[in-house]
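Data first, discussion second: the structure below is written as structure tokens.
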Amino acid sequence: MQLHDTLSNTRRELLPALADDGVVRLYVCGVTPYSESHVGHALHAIVFDVLRRYLDWRGIPVRHVQNFTDIDDKLIDRANRLGVPMSDLAEQNIEDYFRQLRAMNVQPAHVYPRVTEVVPQIIEFIQGLIAKDFAYDSGGDVYYRVRKFGAAYGALSKRDVDDLLSGARIDPTELKSDPLDFALWKTAKPGEPSWESPWGQGRPGWHIECSAMALHSLGEQIDIHGGGADLVFPHHSNEIAQTEAYTGKPPFARIWVHNALLQLSGDKMSKSLGNLVTIADALERYGGDALRMFVITSHYRSPSSYTDEAMDAAKTGVERLRNAAFRAGASGGEVLDAGATREAFIEAMEDDLNTPRALAALFDLTRDINRATDAGGNTAAARATLRELCDVLGLSLQATSSSAQQAAPFIDLLVTLRTDLRAAKQWQLADRVRDGLLELGIEVKDGPDGTVWQAK
RNA sequence: GGUGGAGUGGCCGAGUGGUGAGGCAGCGGCCUGCAAAGCCGUCAACACGGGUUCGAUUCCCGUCUCCACCUCCA
């Protein structure tokens, strides 16, 4: 499989995996659980879930790690404002996030490390950097010597280290010896959660957290490091600098995979307040499959905009796939072969996870299935393939909500009654039943083999 | 200002030096008691100006516009 690598700006072959055991090591920068997750986080989760699912499906062993940054400035601020412990706030948001991942049919990562679980390892990491003179203690803060790492520091973000100087943040309270240096450890301020360290009470900086968690959950070198494109600089640049300086084993990651960010346009009025759409909003309005369809409709490196029109189209598209995947068909007749679809699907996915093209193959198969079914052909195997490939993309194709499930006996009764009315050519009454059900979100469809219904 | 990316038919969105992407919507037809679903047909694009080429949406140059990053962010 070929994946675009941000560092070399080229496509790289994923296999073979770096480690002897052949397991692809995948580290993805996760969320900071300081507030509700928005659809951008959903896109991120779905993109890497599709990658993970595809590798699983191809029989490629993968170890997927995604962290939670549960020590963080914003987390501290918000917890203080709410008057709750930082850990409670983080826990609450992590629980919500997990629930939403399930609703989006995202397979859990193998490990979800948290910063609070690896503080001793972080301290050890920093000590190692100090021992190699890549870091220095300055009044209880510890900073990383960016200059010492050299020009390689700007490689990922394609920036010249000297150019970075002009943009470097100057905070008078910090005790850096060079403006480019960044904090590995921060002295505790009053009211902040803190941990004991050789440099006094304090807490880790953001960047060192991910380096330490990746190192301790996957090892010194990994195959894929993923995250949002907004993390390229400085977060991932810093990760490379820290980890490679510490281990002395470049490259830290063979392939850097960055998903483009979701635009939240179309809502000009609330621009000032941040026109964020939460995952919960999107799920309630369109459902997990539609959200996922929206994401995989475009390539993960192309920025896309979340709009109602796009979501409506995605939802309708899912229904088209679902209708074909579960369409009743004849068991006799000519057997429809889906082999070409499978090949096209794999070819697209191998090509830097080209989900739009993979999806196009599935829609082609959908048309073939419908056509063959109309012609009395045997599409059972083709439909099974469609369902299988949809599953690789993480589309659940589940039509019926739990509430509709509970009402199923009553709906069945109404539908049976309506069938009797139709047999008696009582069209007006039959239509009243159908219209009434539609208003309740139940769609009734009459086919040659009888009437079926499903929740819209 | 710097770095990177993008401008494709009504909308979303792939891709390619010359062959139909795909989806959603529209239109006409078939099917249906009527619908829905489905099928067939149809419509239409490659920001602008140059250049290379037998031929460019696809390569090169320029212009315009948009976005991201350069500060916390998936």
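Note that the structure is a prediction, hence the values are computed from the model and not measured. Naming convention: chains lettered A, B, ... in sequence-line order (proteins, then strands); numbering from 1 in each chain.
- As rounded to whole Å, 10 Å separates atom P of B:rU71 from atom CG of A:Leu180.
- Here A:Gly227 lies in heavy-atom contact (under 4.0 Å) with sugar-phosphate atoms only.
- With C1' as the reference atom, B:rA74 and B:rU65 are 27 Å apart, rounded to whole Å.
- Remark: the separation of the P atoms in B:rC12 and B:rA25 is 15 Å, to the nearest Å.
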Revision key, fill the gap. Each base of RNA chain B marked ( ) or [ ] if paired in-strand (Watson-Crick or G-U under 3.5 Å), | if paired to another strand and . if unpaired gives (((((((..(((.....[...))).(((((.......)))))....(((((..]....))))))))))))....
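- Between A:Gly317 and A:Asp368, the residue whose closest nucleotide on RNA chain B is further toward the 5' end is A:Gly317.
- In this structure, A:Gly30 reaches the sugar-phosphate backbone alone: every heavy-atom distance under 4.0 Å involves primed, P, OP1 or OP2 atoms, never a base.
- Remark: A:Phe98 pairs with A:Phe68, A:Ile94, A:Leu101, A:Arg102, A:Tyr112 by the side-chain contact (heavy atoms from CB on, under 4.5 Å) rule, at least two apart or across chains.
- The side-chain contact (heavy atoms from CB on, under 4.5 Å) search around A:Ala188 returns A:Ser194, A:Gln201, not counting sequence neighbours.
- Of the candidates B:rG38, B:rC24, B:rA36, the closest approach to any side-chain atom of A:Arg327 belongs to B:rG38.
- At a cut-off of 3.5 angstrom, the base of B:rC34 holds at least one donor-acceptor pair with the side chain of A:Asp446.
- In this structure A:Asn9 satisfies the side chain to side chain donor-acceptor pair (under 3.5 Å) test together with A:His4, sequence neighbours excluded.
- To the nearest whole angstrom, the two C1' atoms, one in B:rG20 and one in B:rU57, are 15 Å apart.
- Under the rule for a salt bridge (Lys or Arg N to Asp or Glu O under 4.0 Å), the partners of A:Asp96 that lie at least two apart in sequence or sit in another chain are A:Arg99.
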Tabulate below the donor-acceptor pairs under 3.5 Å that side-chain atoms of residues 253-261 of chain A make, not counting sequence neighbours, or state none.
unit_1, atom_1, unit_2, atom_2, d
A:Arg254, NH1, A:Leu14, O, 3.1
A:Arg254, NH1, A:Asp223, OD1, 2.5
A:Arg254, NH2, A:Glu13, O, 2.9
A:Arg254, NH2, A:Leu14, O, 2.8
A:His258, ND1, A:Thr6, OG1, 2.6
A:His258, NE2, A:His236, ND1, 2.8

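- Applying the side chain to side chain donor-acceptor pair (under 3.5 Å) test to A:Gln107 and every residue at least two apart in sequence or in another chain returns nothing.
- A:His235 and A:His207 have tilted rings, their planes meeting at an angle from 30° to 60° on a 0 to 90° scale.
- A heavy atom lying under 4.0 Å from RNA chain B marks the following residues of residues 413-424 of chain A, by number: A:Arg418, A:Arg422.
- When heavy atoms are screened at a 4.0 angstrom cut-off, A:Val444 is found touching base atoms of the nucleic acid.
- Remark: A:Tyr27 pairs with A:Asn67 by the side chain to side chain donor-acceptor pair (under 3.5 Å) rule, at least two apart or across chains.
- Residue contacts for A:Asn259: at a heavy-atom cut-off of 4.0 Å it reaches a base atom on one of the strands shown.
- Rounded to a whole angstrom, the distance from the C1' atom of B:rG1 to that of B:rA44 is 41 Å.
- Computed from coordinates, the A:Asp312 CG to B:rC24 P distance equals 13 Å when rounded to whole Å.
- Contacts of A:Val232 with the nucleic acid, taken as non-hydrogen atoms under 4.0 Å apart, are absent.
- In this structure, A:Pro193 and A:Ile76 have side chains that are in contact, with non-hydrogen atoms separated by less than 4.5 Å.
- Side-chain atoms of A:Asp72 and A:Thr69 include no donor-acceptor pair closer than 3.5 Å.
- The pair A:Asp312-A:Lys315 fails the salt-bridge criterion, with no side-chain N (NZ, NE, NH1 or NH2) lying under 4.0 Å from an Asp/Glu carboxylate O.
- If you check B:rA21, B:rA74, B:rA36 against the side chain of A:Ala360, the one that comes closest is B:rA21.
- Nucleic acid contact class of A:Leu438 (heavy atoms, under 4.0 Å, all strands): none.
- With its ring centre under 5.5 Å from that of the base six-membered ring and a plane angle below 30°, A:Trp427 counts as stacked on B:rG33.
- Checked options A:Val62, A:Leu393, A:Asp391, A:Val106; the residue passing with A:Arg53 is A:Asp391 (criterion: side-chain contact (heavy atoms from CB on, under 4.5 Å)).
- Between the P atom of B:rA74 and the CZ atom of A:Arg52 lies a distance of 21 Å, rounded to the nearest Å.
- In this structure, A:Ser37 reaches neither bases nor backbone, as no heavy-atom distance under 4.0 Å exists between it and the strands shown.
- Of the N and O atoms on the side chains of A:Ser8 and A:Thr10, at least one donor lies less than 3.5 Å from an acceptor on the other residue.
- As a whole-Å value, the separation of A:Phe233 CZ from B:rA74 P is 17 Å.
- For A:Glu239 and B:rA74, the CD to P distance is 13 Å, given to the nearest whole Å.
- The residue among A:Ala361 and A:Gly228 whose nearest nucleotide of RNA chain B is located toward the 5' end is A:Ala361.
- The interatomic distance linking A:Leu393 (CG) with B:rG22 (P) rounds to 18 Å, in whole Å.
- Separating the C1' atom of B:rG13 from that of B:rC27 is a span of 23 Å, rounded to the nearest Å.
- In this structure, A:Leu231 reaches the sugar-phosphate backbone alone: every heavy-atom distance under 4.0 Å involves primed, P, OP1 or OP2 atoms, never a base.
- At the heavy-atom level, A:Asp431 lies under 4.0 Å from base atoms of the strands shown.
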Hey, what are the protein-to-nucleotides 40-46 of chain B N/O distances that come in under 3.5 Å?
unit_1, atom_1, unit_2, atom_2, d
B:rC40, OP1, A:Arg371, NE, 2.7
B:rC40, OP1, A:Arg371, NH2, 2.5

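- No donor-acceptor contact under 3.5 angstrom links the side chains of A:Asp73 and A:Tyr34, judged on distance only.
- In summary, A:Asp374 and A:Arg327 engage in a salt bridge, as defined by a charged side-chain N under 4.0 Å from a carboxylate O.
- Between the C1' atoms of B:rC43 and B:rG9, the separation comes to 9 Å (whole Å).
- Closest of all the heavy-atom pairs between A:Ala214 and A:Phe252 is CB-CZ, 3.9 Å.
- With P as the reference atom, B:rA56 and B:rA14 are 26 Å apart, rounded to whole Å.
- Rounded to an integer number of Å, the gap from CG of A:Asp230 to P of B:rC67 is 17 Å.
- The gap from the C1' atom of B:rG17 to that of B:rC54 amounts to 12 Å, rounded to the nearest Å.
- You won't find any donor-acceptor pair under 3.5 Å spanning the side chain of A:Arg320 and the base of B:rC24, going by distance alone.
- Distance A:Leu365 CG to B:rC39 C1': 16 Å, rounded to the nearest Å.
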Practice item. At under 4.0 Å between heavy atoms, which parts of nucleotides 4-19 of chain B does protein reach? Answer with one letter per nucleotide, 5' to 3': B base, S sugar-phosphate only, - none. Key: -S-------SSS----
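- Residues meeting the salt bridge (Lys or Arg N to Asp or Glu O under 4.0 Å) test with A:Asp308, sequence neighbours left out: A:Arg285.
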